[in-house]
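Numbers here simply count residues along the sequence, with the first being 1.
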Amino acid sequence: MRELLLAGKRRVRELWMVDEGGDAPILADIRELAAANRVAVTIVGRGRLAAQARSEAPQGVLALAAPLPEAALDDLVASGPGRPAPFLVALDGVTDPGNLGAILRSAECAGVTGALLPRHRAVHVTPAATKAAAGAIEHVPLAVVGGLPAALADLRRAGVHVVGLDGAATTSLYEMAGGDGPLCLVLGAEGRGLSRLVRERCDEVVAIPLRGHLGSLNVSAAAALACFEIARRR
């Protein structure tokens, strides 16, 4: 909620808050930001807020806001004075909203400048994803593409180095060729990894070296590690 008000990218019509006598600093901060943005704050009962929130365990604050805008792919790859080289994340078949939110949170902290989500057979921004993202959706532009393989081909034509992350790859993440220029990191679904067509559109496919007995990481954990390795290189 705080990040929604700070980012100022969406019109917020009203805030609902549950009054339970607490005065946590974050709630005071939200009230101050609402006042600064001329957003009305309405005190409601927890039952009414929970019914409107459409998510598990709402945390006592809810915003009635305009929909999240979609970014255009061309805008995500645009460069110019004062703008960092594009650092994008693309999701191939990720269907769990908690994973989506966690990926976006780590990506935003690592400096990712945009994300690509397939329109079909993939999770989009839901209340659960929004909660897990902890405000990242207000700062990471999201482009919804009709087909991820075609979008990746467009990125390559625009000079973006496309790196797939897949546990079956023979090249280590730490030996990847790209990193300092325009780059898109592609993350596959847990279990099946990258789809065949998406893999074929990658300039290189790398894996995270594992030293334990288990054969894979949760996709959000893998995303965090890979995003920060790329951030280190940049």
task = Please test Val12 against Asn37 for side chain to side chain contact (heavy atoms under 4.5 Å, CB included), starting from the C-alpha separation and ending with a verdict.
result = CA-CA 9 Å; Val12 182; Asn37 287 277; over 6 Å; no
task = List the atom of Pro84, the atom of Thr113, and the distance in Å for their closest heavy-atom pair.
result = CG-CG2, 4.0 Å
query = If we only count heavy atoms from C-beta on, is the Arg234 to Leu183 side-chain gap below 4.5 Å?
reply = yes
query = So if you build clusters from Ile, Leu, Val, Met, Phe, Trp, Tyr with side-chain heavy-atom gaps below 4.5 Å, do Leu152 and Leu88 land together?
reply = yes
key: Test applied, side chain to side chain contact (heavy atoms under 4.5 Å, CB included); reference residue, Cys227; option that passes from Leu165, Leu187, Leu185   = Leu185
note = Closest heavy-atom pair, His139 versus Pro141, reported as atoms and distance to 0.1 Å, is O-CD, 3.4 Å
query = Do other residues, nucleotides or ligands put more than 12 heavy atoms under 6.0 Å from the CZ atom of Arg105?
reply = no
key: Nearest-0.5 Å distance that lies between atom CG in Asp154 and atom CZ in Arg157   = 4.5 Å
task = Please report the closest heavy-atom contact between Ala133 and Ile137, naming both atoms and the distance.
result = CB-CG2, 3.9 Å
query = Do the side chains of Met176 and Ile230 get nearer than 4.5 Å, heavy atoms only?
reply = yes
task = With the side chain counted from C-beta on, respond yes when Leu68 and Thr130 share a heavy-atom pair under 4.5 Å apart, and no when they do not.
result = no
key: CE-CZ distance between Met17 and Arg46, expressed to the nearest 0.5 angstrom   = 11.0 Å
ask   = Do Leu116 and Val186 come within less than 4.5 Å of each other through their side chains, counting heavy atoms only?
value = no
query = Which atom names give the shortest non-hydrogen contact between Gly98 and Ala132, and what distance separates them?
reply = O-CB, 3.8 Å
task = Can you measure from CG (Leu148) to CZ (Arg121) and round to the nearest 0.5 angstrom?
result = 11.0 Å
ask   = Distance-only, no hydrogens or angles: does the Asp203 side chain make a donor-acceptor pair with backbone N or O of Val162 under 3.5 Å?
value = yes
Rounded distance (nearest 0.5 Å) linking atom CD of Glu204 with atom OG1 of Thr171 = 7.0 Å
message = Is there a path of hydrophobic side-chain contacts, each under 4.5 Å between heavy atoms of I/L/V/M/F/W/Y residues, joining Val44 to Leu62?
response = yes
ask   = Considering only heavy atoms from C-beta outward, does the side chain of Val89 approach that of Leu91 to under 4.5 Å?
value = yes
note = For Pro97 and Thr126 the tightest heavy-atom approach is CB-OG1, 3.4 Å
ask   = Side chains of Leu197 and Arg201: closer than 4.5 Å at any heavy-atom pair?
value = yes
inquiry  = Using only atom types and a distance under 3.5 Å, with no angle test, would you say the side chain of Asp92 pairs donor to acceptor with the backbone of Ser195?
reply    = yes
inquiry  = Has Arg233 got a side-chain atom pairing as donor or acceptor with Tyr174's backbone, closer than 3.5 angstrom?
reply    = yes
ask   = His161 side chain to Arg156 main-chain N or O, any donor-acceptor pair under 3.5 Å?
value = no
ask   = Can you hop from Phe87 to Ile103 via hydrophobic side chains spaced under 4.5 Å?
value = yes
Shared hydrophobic cluster for Val140 and Leu76 (ILVMFWY, side-chain gaps under 4.5 Å) = no
remark   = dist Leu100:CG -> Thr95:OG1 (nearest 0.5 Å) comes out at 10.5 Å
query = Looking at His124 and Pro118, what are the two nearest heavy atoms and their distance?
reply = NE2-O, 2.7 Å
request  = Consider only side-chain heavy atoms of I, L, V, M, F, W and Y, link residues closer than 4.5 Å, and tell whether Leu104 and Val145 are in one cluster.
outcome  = no
